[in-house]
Structures are given as structure tokens and as C-alpha cells.
Amino acid sequence: MAHHDFEPRLSIPGRGAVALPELAGTLSVRDRDLADAERDFGGHVHRRPLAVAFPATAVDVAALVKFGRAHRIPVVARGGGNSVDGQALVSAGIVIDMSTLGGVRPFGPDRISVDAGARWRAVVDATLRTGTVPPVLPDYLELSVGGLLSTGGFGGASHRFGSQADNVHDLDVVTPDGELVTCSPTGNADLFDAVRGTQGRHGIITRATVALTRAPSTVRRHRLTYHDLGAYLGDQRRLVDELRFEHVDGQAQYADGRWRFVLEAVSPQSPPIDDLRHDSAEIFEVTYREFVDRLRPIEAQLRSAGSWYHPHPRANVLLPGAQAETVLGDALADLTPDLLGVGGSVLLYLFPTARVAAPHVPKARDPYTVLFGVQRTAPPGDLATLRRMREANAALHATARRLGGASYAYPLAATDAQAA
């Protein structure tokens, strides 16, 4: 029998009470659960659901999707709640909290089977015990596996291995019709391609077989600082073309009234950097585990300062390499400290577009895709600044698309969605 927090019926506005499907998990209409599910990390979009489901199995997810389709109730899946524009929120619908599907199971020396609600931190915890790791990891390990695969997922190793979505062997997916299907490049390949990078429009990922590669025990982090944007982008392009380092990413940082650019290049060894055009360099050795979890102390600092809990109207776009320097120069000239906010940051790195093989993962129409992420933090209660940030984000998305780039992890007009 299903067990729910109240009566086994759901009250639908204008239609009365409807009998719920049998679930092995639970379905809640408690105020606390509804309040948690009506906002995401972005904190500036609020949508109140009718109920929150905590599935025990993928069969529960399928039953809820079928129920929603039969009764014209929108259903969304929510991983870690880390989306920033309401992708995992729904008004007058059902939120499926995927965190209860968090299993991580060894599957072989080169792959691991992972439930969609598991965080990448749990995957790393399991794989590093055997000296392996997924080829591409997100910067932030608290993202959910299913959510990230549904957006595509990029990281500092994307110049070698593409997106996270390019590094899975198969997926279990609940289709919009409520069918639970396993798909791969050789079985149900159309569905396999459709669900990767499309934010839940073609189904909810419930499990993935993730590829693994060997993990080093220690790495050398090279932090190269630039004051010239063109030199920075040129050196990044050179490093990714040559595959000189295992990991290449970067940030733009505002200091002393101007922007500087920090290129981070990481490898178990220390490849030469004397031919690069940086202004200064730092090199230090850390354990590989410390490196992949490098955002954890930053998160702790932001939580302690309080800005972690403020609104985060962020914008992530993928720019074509040919126009990137001009677009970035103009965008950064307009990005004043008050439009970035306390604790805000700017991601800035590139990879060869051809590395992204999954057909629906967003990318630029250019040999190089430049990821430009403006990670804003708005002052709480300052609606005027929040509005200005959101307007600037919308303009950046429009510019990227106009030039042949793309929006990344941006809200889609869809009744079914899955978000990291």
C-alpha cells in the first residue's frame, strides 16, 4: 500500500480530490515540504507545488508521471535544488524530490551505476577508493547526477572529454508518457540522445551508468594571472589544443578597479609554461581529492558570511570563440561590483566544440565554445538591484544566441523538467 502524510487523495484546484497512485515511497502536502520545494538556489523565483513526492524506486517516478499526465498536472523532478531560474519549480503541480534515489553501485573497473538523485560527491567518494574518477566532473560536487546530465554538464576536462553527458554508457529514463525505459547508443538511441542536455523535455533520468578513468593521487595546480583578455583567451586555446594539461578552466576577478583573468591548469606533472603570456604564476601541489572538492571551503565561507542564502540571479552562456573577446570585453566593462554582488564570481574558459558529441547538449556554432558564467548574488530585499541583474542576464542570453552561441541551463517552456 502507498503511504502518504494525509489522505491518499490529492486536492486539485477546481477539480476536487483525485485518488493518488500506489507508491512505495511517500507523497507529502506538509507546509514545510511545500515551502522547501517552492524555491531553488537562485532564490528569486517562487512557485508553490500541490505536493512533494519522495520516491523509493524509479517505478514511483513513472507512476507519478503517468498520474500527472492523466490528470493534466505538471510534474517536475528536483535533484539538489541547485538550479537558479526556477527550472525545478512548478505551480500547482507535483515536485519529485530525487534525493531519495541516491544509490551508487560499483559496476566494473571502467564504469559505475548511479541513481539520478545521487550527488557527484557520493560518486567521487565511491570511485576514488578504487583509484578511478569520472572523466568530467562539475566544479561543485553537490549537484545531482541526473540533473547535471539533463543539462549537459561542463568542467575543466571538457576540452578532452566533452560534457558529462558524453561520458555515460546508458540511462534509465521515465518518458513523458510514464514509461520506464533503458536507453544507450545501441538501444533506444533516439531517447538516449534526446534526454541528454534538454532539461527534462523528453523524460526524467532516474539512473545512469557513468564512465570512469584512472585518477591521480596528487596534482599540480598552475594558477596563471593575466591582465590582458586576448592573451588569456589565446593561451587557453593553445593549452586545450595541445592537451598540455588534464584540466583547464578560469575566472575573471575584479580587483583594484580593473579585471584580471586567472587561468587554472592542472596536471599530475608540471608541463612547461614559459612560452605563455601570463603576468604571474603560482604552482602548488595538492591531493587529487582536495582539488576536485576545491569549492567546499569557498562554500563554507559564503555560508558563514550569509551570502550563500541570498538570491542568485546567475547567467551561464556559451559564446562562439570568434566573437568571445569582443562580447566579453563589453560585458565585463558593464559588470560593476554592485551588479556582481558580494560573493559573486565569473567563470571563463573554453573548449573545442567538437568534443561535445551529445547532439542536444548546448554549444556554440564555432570551432570553440567559450563558457561565460556570471555568478551574481543579489542583496536580500533589494528588488531594484535584483531587477537590474535579471535584465542584464536576459540581455547576455539574447546576445549569445544572436551570435551563434547558446544559453546554458536556462528555463525552458516545458511541463516536465529535471534540474540539478
Side-chain angles (χ1 to χ4, degrees), residues 40-45 82-87 138-140 151-155 158 163 197-199 229-230 232-233 236-237 249-254 258-262 307 310-351 353 356 360-366 368-379 382-413 419-420:
D40 57 14
F41 181 70
H44 62 102
V45 178
N82 291 296
S83 57
V84 295
D85 288 304
Q87 294 95 325
D139 296 333
Y140 183 53
T151 60
F154 298 108
S158 288
S163 69
T198 54
Q199 296 184 232
L229 176 59
Y232 169 82
L233 292 173
Q236 271 203 351
R237 186 178 301 113
D249 70 13
Q251 307 89 35
Q253 300 175 349
Y254 193 79
R258 62 174 178 169
W259 288 98
R260 66 179 184 182
F261 308 95
V262 179
S307 61
H310 297 169
H312 300 98
R314 298 178 166 185
N316 295 292
V317 298
L318 303 168
L319 301 172
Q323 285 84 29
E325 185 174 350
T326 298
V327 174
L328 292 168
D330 292 344
L332 292 173
D334 293 335
L335 185 56
T336 56
D338 64 308
L339 282 180
L340 186 59
V342 176
S345 62
V346 177
L347 303 178
L348 183 54
Y349 61 91
L350 60 81
F351 49 86
T353 303
V356 182
H360 298 297
V361 170
K363 66 200 83 170
R365 295 195 298 271
D366 186 274
Y368 295 93
T369 292
V370 178
L371 189 152
F372 181 39
V374 185
Q375 315 300 306
R376 307 179 196 266
T377 301
D382 188 341
L383 297 182
T385 297
L386 176 61
R387 182 170 57 250
R388 290 171 61 209
M389 289 180 171
R390 294 179 63 167
E391 289 171 351
N393 289 346
L396 182 57
H397 283 288
T399 297
R401 292 193 293 265
R402 175 174 55 83
L403 294 176
S407 294
Y408 180 61
Y410 198 58
L412 297 168

Residues forming a side-chain hydrogen bond (donor to acceptor under 3.5 Å, both in side chains) with [X], sequence neighbours excluded:
| X | answer |
| --- | --- |
| Asn393 | Arg376 |
| Thr385 | Asp382 |
| Ser163 | Asp166 |

Results of side chain to side chain contact (heavy atoms under 4.5 Å, CB included) for [X] - residues two or more places apart only:
| X | value |
| --- | --- |
| Thr369 | Leu318, Phe351, Thr353, Lys363, Ala364 |
| Asn316 | Gln375, Tyr408 |
| Val327 | Leu319, Gln323, Thr399, Leu403 |
| Gln253 | Arg223, Gln251, Arg260, Val262 |

How many angstroms lie between atom [atom1] of [X] and atom [atom2] of [Y], to the nearest 0.5 angstrom?
| X | Y | atom1 | atom2 | value |
| --- | --- | --- | --- | --- |
| Gln199 | His360 | CD | NE2 | 13.5 Å |
| Arg314 | His44 | CZ | NE2 | 10.0 Å |
| Thr377 | Leu340 | OG1 | CG | 7.0 Å |
| Leu339 | Glu391 | CG | CD | 10.0 Å |

Work out which heavy atom in [X] is nearest to a heavy atom in [Y]; give both atom names and the distance.
| X | Y | result |
| --- | --- | --- |
| Leu350 | Val370 | CB-CG2, 3.8 Å |
| His310 | Ala378 | CB-O, 3.4 Å |
| Gly343 | Ser307 | CA-OG, 4.5 Å |
| Gly321 | Asp366 | N-OD1, 3.2 Å |
| Leu335 | Trp259 | O-CZ2, 3.4 Å |
| Gly197 | Pro362 | O-CD, 3.9 Å |

Suppose we screen for salt bridge (Lys or Arg N to Asp or Glu O under 4.0 Å). Which residues come up paired with Asp139, at least two apart in sequence or across chains? Arg294
Name all residues meeting the salt bridge (Lys or Arg N to Asp or Glu O under 4.0 Å) criterion together with Arg388; count only those two or more places apart in sequence or in a different chain, and write none if there are none. Asp338
Within-4.5 Å side-chain heavy-atom neighbours: [X] and [Y]:
| X | Y | answer |
| --- | --- | --- |
| Leu347 | Leu371 | yes |
| Tyr140 | Asn82 | yes |
| Pro320 | Arg365 | no |
| Phe154 | Val356 | yes |

Please identify each residue that fulfils ring pair (Phe, Tyr, Trp, His ring centres under 6.0 Å) with Phe261, with sequence neighbours left out. Tyr232
Non-neighbouring partners of Tyr368 that pass ring pair (Phe, Tyr, Trp, His ring centres under 6.0 Å), sequence neighbours left out: none
Residue pairs, two or more places apart or on separate chains, that pass ring-ring contact (aromatic ring centres under 6.0 Å, His included) and touch residues 382-404: His397-Tyr410
